Amino acid sequence: MENGKTQALSRVSVSGLRGVGPKVAERLAKVGVASVQDLLFHLPLRYQDRTRLVPLAALRPGTEALVEGEVADAGIGYGRRRSLKVWLADASGQAGVLLRFFHFSGNQIAALKPGTRLRCFGEVRHGPQSLEMVHPEYRSCDGDELPSLEDTLTPVYPTTEGLQQSSWLMLTEQALALLEQDAAVPDEWLPEEILQRFGFPSLAAALRLLHRPPNSIPLGDLCDRRHPALRRLAFDELVAHQLGLRRLRHHQKRIQAPILGGDQSLRARLLAGLPFALTAAQRRVAEEIAADLRQPRPMLRLLQGDVGSGKTVVAALASLQAVESGRQVALMAPTELLSEQHLRNLRTWLQPLGLDPLWLTGRHKGRERAELVARIAAGEAPVLIGTHALFQEDVRFRDLGLVIVDEQHRFGVHQRMQLKEKGARQAQVPHQLIMTATPIPRSLAMTLYADLDLSVIDELPPGRTPVTTVAVPDNRRAEVIDRVREACAQGRQAYWVCTLIDESEALQCQAAEDTAKALAEALPDLRVGLVHGRLKAAEREPVMADFAAGALDLLVATTVIEVGVDVPNASLMIIENPERLGLAQLHQLRGRVGRGAVQSHCVMLYHAPLSRQARARLAILRESTDGFEIARKDLKLRGPGEVLGTKQTGEMQFRIADPAGDEDLLPAAQQTADILLDRHPGHVRPLIDRWLAGRAEYGRV
Ligand code: ADP
Ligand code: MG
């Protein structure tokens with residue numbers, strides 16, 4: 001339907017609202033809210049239920065609840081931290097709840113004396129003796145007048161410094177009032193046929209409901225994203241996102257790229273020299289890439305393949321096609337260690353062909369670096385391997401034809417964009433291949449990466465035995481150590497991986513050093529080696545080499561060994577504190593074993609107690625060795641922002657859609673994008689603006 005509204009809400013500035021002065025307007029702008037429409041589409045993150053009182057006996061840890069009761073006892077506790085402890089009881093049973101305040105005043109102590117009736121709202125959690133609420137909101141309800149209950153769920157908005165939830169409530173209240181005036185409904189950009197097919201509510205109805213859900217809607221429906229209002233807006237956003245990425249892609253495809261035909265001379269020799277034959281999947285993706293490189297348009301291709309599926313040799317083939325065509329190729333890895341691993345691999349394969357790759361990372365400094373940079377500019381070495389150091393300002397390529405980015409389990413949306421920028425300054429841009437070991441479902445990949453083509457290696461090289469995985473609490477550490485002793489006594493080798501993900505790298509390396517020492521003492525018959533990120537390459541390499549040669553039995557490491565080791569005789573891996581790592585990373589780590597013919601084992605040595613989420617995640621890993629399945633379940637559990645590592649950077653953030661949870665909407669979102677581009681081109685821009693305005697990665701084109 002077309003819109004002829006006189007006062008489109010997208011053109012009504014928030015400055016006209018009560019309570020919005022220059023300061024507040026500035027803060028709102030920070031979160032992308034300039035118009036009343038923006039405000040209406042600034043949707044709650046979650047909701048609190050203050051519409052009903054929960055009996056104390058029915059409280060569940062991990063939930064937020066409104067409770068009422070009488071102070072049974074109060075006093076100051078001197079545990080690890082001094083706190084004011086207030087026991088609240090009601091008629092529902094003797095199990096009360098402990099309200100705990102770490103900051104409190106004398107007035108508060110006086111006001112929270114036994115016998116006082118309180119109404120509190122807060123998050124319930126396990127305490128040492130009982131359930132607790134830390135710093136709940138509370139008010140005394142001793143007077144005659146009982147505070148009334150809310151009649152809608154309370155929205156909690158994403159916010160920025162200086163904007164309280166109360167401000168958001170007050171502002172959205174005004175925006176919703178404007179929405180009530182018929183002339184002011186937001187423009188509908190989706191085709192009628194789609195709205196009808198899904199039975200979606202109108203935009204106005206959906207917005208109203210999501211800002212102030214009536215208490216008749218179970219909170220669960222909103223949390224589980226089942227509610228049609230939520231799905232309706234998620235769909236709007238998914239379509240906008242799809243259109244934004246398509247536009248990006250369209251723009252990219254109008255740029256020139258060098259034709260990398262190649263004459264097969266190097267590739268044929270590489271294949272002939274390999275000790276194995278390519279799998280059918282490798283051959284297929286290699287051909288997809290080869291065909292792209294022959295085009296005068298830049299390839300933008302995502303290569304997915306599980307850990308160990310053999311992406312590196314595919315990258316080597318693509319590289320050689322560029323070299324055969326007289327161009328340079330840059331292979332970039334996220335870490336120095338991973339780039340070192342690529343260097344080692346490519347050297348083995350390319351030196352017999354008379355090619356010596358050049359390596360540039362952050363480690364290369366001063367004169368050495370200047371020399372490397374000069375050699376790159378002169379085009380002396382066509383194959384360049386490194387980290388992001390390869391793409392610093394002062395690095396000039398002579399004739400870069402192809403960029404390969406190995407993201408491992410990271411998704412480098414950010415880097416992808418930077419590369420585009422770098423290329424855009426030249427008349428031609430290089431082709432781009434992005435490799436990842438995070439296998440996400442195809443429909444999801446096509447949504448998140450609609451600006452990329454997709455190749456999937458869906459087959460492992462033959463002869464791999466699936467790894468058996470168990471989870472063991474760390475109070476059974478001694479048993480696990482025995483297991484290492486036995487495996488090594490049988491001539492096998494083992495990894496012991498130390499993780500301290502939240503701490504500094506220095507602490508992590510220290511922990512690995514301590515563990516190595518302790519294990520060497522506990523296992524005097526074994527030869528124990530240690531690698532961590534603080535060791536220089538010159539210190540690390542001999543240890544790795546010894547382990548590879550079987551001169552070490554046990555390799556203690558930080559997560560650096562996630563990459564860089566390929567030792568088929570290693571058949572046991574212990575991972576400490578697996579609960580701190582992402583599933584993709586654990587899967588990646590585990591991929592270091594199971595590379596030979598012998599049955600391999602992975603022991604996840606966790607620290608009890610595990611949260612329910614952590615337990616569910618470890619179970620996924622125990623039950624599956626299929627990266628696709630693991631990723632799919634991980635996405636369900638955590639959402640794509642966290643899984644894909646884009647949450648922190650704020651990229652690929654959806655405001656309301658959850659492409660994993662809304663998977664069933666994806667095909668229709670793609671189809672709708674087609675319909676709009678085809679039949680309603682005028683709707684494309686405003687829909688993108690509604691959801692994606694101000695976001696650099698889309699704004700550029
Ligand atoms: P990833 O996809 O995780 O980067 P790699 O490229 O490191 O995997 O390959 C893992 C191992 O499998 C390497 O030792 C590699 O040489 C070997 N490999 C790759 N392709 C094949 C194949 N077709 N047959 C047997 N081994 C292979
Ligand atoms: Mg790899």
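These figures come from a predicted structure and were not determined experimentally. Every heavy atom of this structure was used, including side-chain atoms; hydrogens, water molecules and symmetry mates were not. Counting starts at 1 for both ligands and their atoms, in listed order.
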Any N/O pair Leu278/ligand 1 closer than 3.5 Å: no
Report, in ascending order of atom number, the atoms of ligand 1 lying under 4.0 Å from any heavy atom of Ala277. 22 (C), 23 (N), 24 (N)
Less than 3.5 Å between some nitrogen or oxygen of Lys311 and one of ligand 1, yes or no? yes
Any idea which atoms of ligand 1 are less than 4.0 Å away from a heavy-atom of Thr279? 23 (N)
Would you say the side chain of Arg617 lies within less than 4.5 Å of the side chain of Leu621, judging by non-hydrogen atoms? no
Between Gln282 and ligand 1, which part of the residue brings a heavy atom under 4.0 Å of the ligand: side chain, backbone, both or neither? side chain
Once you restrict to heavy atoms under 4.0 Å, what part of Asp406 touches ligand 1? Side chain, backbone, both or neither. neither
Quiz question: by atom type and distance under 3.5 Å, do the side chains of His607 and Asn577 form a donor-acceptor pair? no
Could you pull out the closest heavy-atom pair between Val383 and Leu346, with the gap in Å? CG1-CD1, 4.3 Å
Quick check, are the ring centers of Trp359 and His342 under 6.0 angstrom apart? no
Cut-off 3.5 Å, side chains only: do Gln321 and Arg267 have a donor facing an acceptor? yes
With a cut-off of 4.0 Å, which atoms of ligand 1 are near a heavy atom of Val307? 3 (O)
Assess Arg464 for proximity to ligand 1: is some non-hydrogen atom of it under 4.0 Å away? yes
Does only the side chain of Thr312 get under 4.0 Å from ligand 1, or the backbone, or both, or neither? Count heavy atoms. both
Using only heavy-atom distances, determine whether the side chains of Thr499 and Arg580 contain a donor-acceptor pair under 3.5 Å. no
Would you please say whether a donor-acceptor pair under 3.5 Å links the side chains of Gln392 and Arg369? yes
Can Asp553 and Gln493 be counted as having a side-chain donor-acceptor contact under 3.5 angstrom? no
Can a non-hydrogen atom of Ser309 be found less than 4.0 Å from any atom of ligand 1? yes
Could a heavy atom of Ile457 be found less than 4.0 Å from some atom of ligand 1? no
Sub-4.0 Å atoms of ligand 1 with respect to non-hydrogen atoms of Arg595: 10 (C), 11 (C)
